[in-house]
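One structure is given here, and the rest of the page talks about it.
Counting starts at 1 for both ligands and their atoms, in listed order. Start at 1 with the first residue, then count along the sequence.
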Amino acid sequence: MRTAEPAGFRDFSIRESRSHAQPSTRISPDLPVCDECLRELFDPADRRYLYPYINCTNCGPRYTITQALPYDRHNTTMSHWPLDDACARQYHDPADRRFHAQPVSCPACGPNYLQPGIAATADLLRSGKIVAVKGIGGYHLVCDAANHAAVLALRERKFRKEKPFAVMAKDLTCARALVHLTADAEALMTSPARPIVLSPARAALAGVAPDNDEIGVMLPYAPLHYLLFAAGAPDVLVMTSANRSSEPIAYTDDDARERLSEIADAFLIGERPIARRVDDSVARAGAFGPVILRRSRGYAPGAVARFAVDRPILAVGADLKNTITLVASGQAFVSQHIGDLDHYQAFEAFRETIRDLLAMYQVRPEDLLVVRDAHPQYVSTTLALELPAAERWPVQHHRAHIASVLAEREAWDEPVLGVSFDGTGYGDDGAIWGGEIFAGSIARGFERIAHLRYAPLPGGDAAAQHPVQAAAGFLLNIEGLPNLAAEPFLFPQRYEVARHLARTGVRTFQTSSMGRLFDTAAALLGFHTAITFEGQAAMWLEHIARTAPPRDAYPFPLVEAELDFRPLLLAVAEDRRRGRDPGEIARAFQLGIAQGLCAALETLSRQTGTGTVVLSGGVFQNEMLLADIQALVADSRLRIWTNHAVPPNDGGISLGQAAMAAMGAPNP
Ligand code: ZN
Ligand code: FE
């Protein structure tokens, strides 16, 4: 028995909308099928028996079918299907559960799924085939998660070598067999947003999440999913966004057919059009509470904070894991996950989403305060400069990370120590930042008071693809290193080439990136290949660190205003040369980072009189780091705030940007 939280809008004074009315209604995020609809779905006597588009006022798609406001049927992708008498009666009956349910339909009057049909799809999945299945916010590529050959074929055809796949478990019992679920994790997994929840794996699913302790698991949310499992599909299915590598998810039928024909063995196509692409959300029940790592279906485009401003603000986010935030009528609406803008289709999606939200909330572009990253070369920056706007603001990347946490809490004046541990971001001095500690508040601005010691970074941002390239920079000026060309390191040629660049300063930048520091440690422990997705080397390091108990911690001291990585990396290299187990080394590295940071925060807290600490930036997706910090500050006077509603990664940047600009924060 599963209870679903009441969610969405329950407006009890529903009237006919006038088409010229101001869209005062907000768009609801999409909702999972409710228990009552599920009962009807499997009741042979019901008119909607086995009907994959069953829904009611309490459940079903919203954002993904809404084409314009007000939210009325003729403004949804259901407008092609006039109601038959039976559906119309329900739609107009205030006593009915489907009273004014805009997407209401039935097999007689509504859309359906086309051949080969649901039962045939379940058969195909059982026999190891890959099927492209149209869902709520786009197509999924689906296969049997227990079939290694099918999973490998999917990886090969999708050009997705190592990045973990999410799975859908038939029910909570199946999910519990797959992963260790805390009460918090179960609450997230069964919440109306039905996100993919990352939890420690209990069973190995070969090829699903290589070099990872966690599996991302979600539960069925569309009627179609329940029908697939009922028709005999395997209990655990790989369900990944239908695209090639980092392209945006396919959501129109033509696009899916065109882009997925070489990946999918078959297509299960539903007739109801999807108004816009919305990926599955990703969340984790973290050490400091639930955190959303990808904010999309079920959350978007919900408001995450109230802003005390009248003017509309559009914050265009960062170039990676892009989201945008629109502040309209004092509400901050954060878009769905858009993706990495260096991909043409993602950039198109970015522009579409801006147009879409502005139109939806009837904001005129020329009234906007447009906020963007301070990075002069971001494509989001270029677009922000082209948009008509009343005014434009740049916001430094890592200040935006800190502001994102505070904006969620509407803590505009709270003085904090803000720790932004991140991969990459453009700093005030033109260096590549990513290991910054600030003091201040959104209202008064953030002053950088400490940072990771600078290291040369040969190749600049391109070094993020190659841990050994980052290592060449970080290790360049460390005295007493062992020979890294010899056993057990055997660094590849790329290291020497990059080292030469770093030494001569050619194409070399200064960086304080914690992400690259993790990459360097990973390289020292044997990660020599190029990464195939952002954060991969750090995830690998965390993965091997989990094989060892926390014992010792390598030194990572705050010297003056710099966190000095040299003793830390020297200890890693020395222990590795001595033959210490790489898992133990990784664990001591992780604990060293946590201890060094907490000691630095104690010092800075005494100096500034600030006890509230904000942690944000991509590095804080590292759950082991958060758990170590939590244990270390347990008896201290430090109070830790982290992201909950928006991601600590660059998906949260747009909210932070909007907050900084809304408060008129000084921004060097
Ligand atoms: Zn329902
Ligand atoms: Fe970032």
Side-chain angles (χ1 to χ4, degrees), residues 2-10 28 30-43 46-48 51-62 87 90-91 96-106 136 192 194 220-224 226 293 315 317-323 340-341 372-375 378 380 395-405 418-427 432-436 438 461 464 511-516 518 534-535 538 614-622 643 646-657:
R2 193 180 50 81
T3 52
E5 303 251 311
F9 296 127
R10 304 263 200 97
S28 162
D30 300 296
L31 298 166
V33 58
C34 74
D35 286 347
E36 281 172 287
C37 282
L38 270 183
R39 265 193 297 281
E40 292 171 352
L41 183 63
F42 292 107
D43 174 2
D46 194 273
R47 220 156 54 80
R48 296 186 182 84
Y51 181 54
Y53 287 120
I54 190 170
N55 66 81
C56 73
T57 328
N58 306 322
C59 77
R62 296 288 186 274
C87 283
Q90 294 185 304
Y91 183 87
D96 196 278
R97 202 172 90 248
R98 295 195 169 87
F99 178 53
H100 281 254
Q102 305 305 340
V104 69
S105 60
C106 73
I136 298 296
R194 296 290 159 86
Y221 52 87
L224 175 73
Y226 288 92
L293 300 170
D319 274 15
L320 292 180
K321 297 187 166 67
N322 179 271
T323 63
D340 297 349
L341 302 187
R372 49 130 177 133
D373 197 278
H375 200 312
Y378 265 1
S380 56
V395 172
Q396 196 278 325
H397 189 92
H398 300 102
R399 291 180 177 89
H401 271 307
I402 303 306
S404 74
V405 174
V419 182
S420 193
F421 280 3
D422 202 25
T424 291
Y426 188 79
I432 299 170
W433 285 10
E436 320 309 315
F438 301 96
D461 284 344
T511 191
S512 54
S513 164
M514 284 297 297
R516 300 298 80 79
F518 272 81
E534 197 197 2
V614 167
L615 307 178
S616 192
V619 170
F620 289 113
Q621 296 172 100
N622 182 322
N643 288 105
V646 297
N649 61 45
D650 285 0
I653 286 288
S654 63
L655 179 67
Q657 289 173 339

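Side-chain contact, N643 with S404: a donor N or O sits under 3.5 Å from an acceptor N or O.
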Evaluation steps, side chain to side chain contact (heavy atoms under 4.5 Å, CB included), between Y226 and F42: CA-CA 10 Å; Y226 288 92; F42 292 107; 4.0 Å; yes
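For the Zn ion (ligand 1), protein N, O or S atoms under 2.8 Å: 4 in total.
Atom OD1 is the N, O or S atom of D650 at the shortest distance from the Fe ion (ligand 2).
Take R516 and apply the salt bridge (charged side-chain N to carboxylate O under 4.0 Å, His left out) test, not counting sequence neighbours, and it matches D519. Under the rule for a salt bridge (charged side-chain N to carboxylate O under 4.0 Å, His left out), the partners of E534 that lie at least two apart in sequence or sit in another chain are K321. Scored by the side-chain hydrogen bond (donor to acceptor under 3.5 Å, both in side chains) test, Y221 finds D280, R297 as partners (sequence neighbours excluded).
Looking at E40, its side chain never comes within 3.5 Å of a backbone N or O of L38 through a donor-acceptor pair.
The line from CG of L224 to CG of L41 is 10.0 Å long, rounded to the nearest 0.5 Å.
Between NE2 of H401 and OD2 of D422, the angle at the Fe ion (ligand 2) works out to 100°, rounded to 10 degrees.
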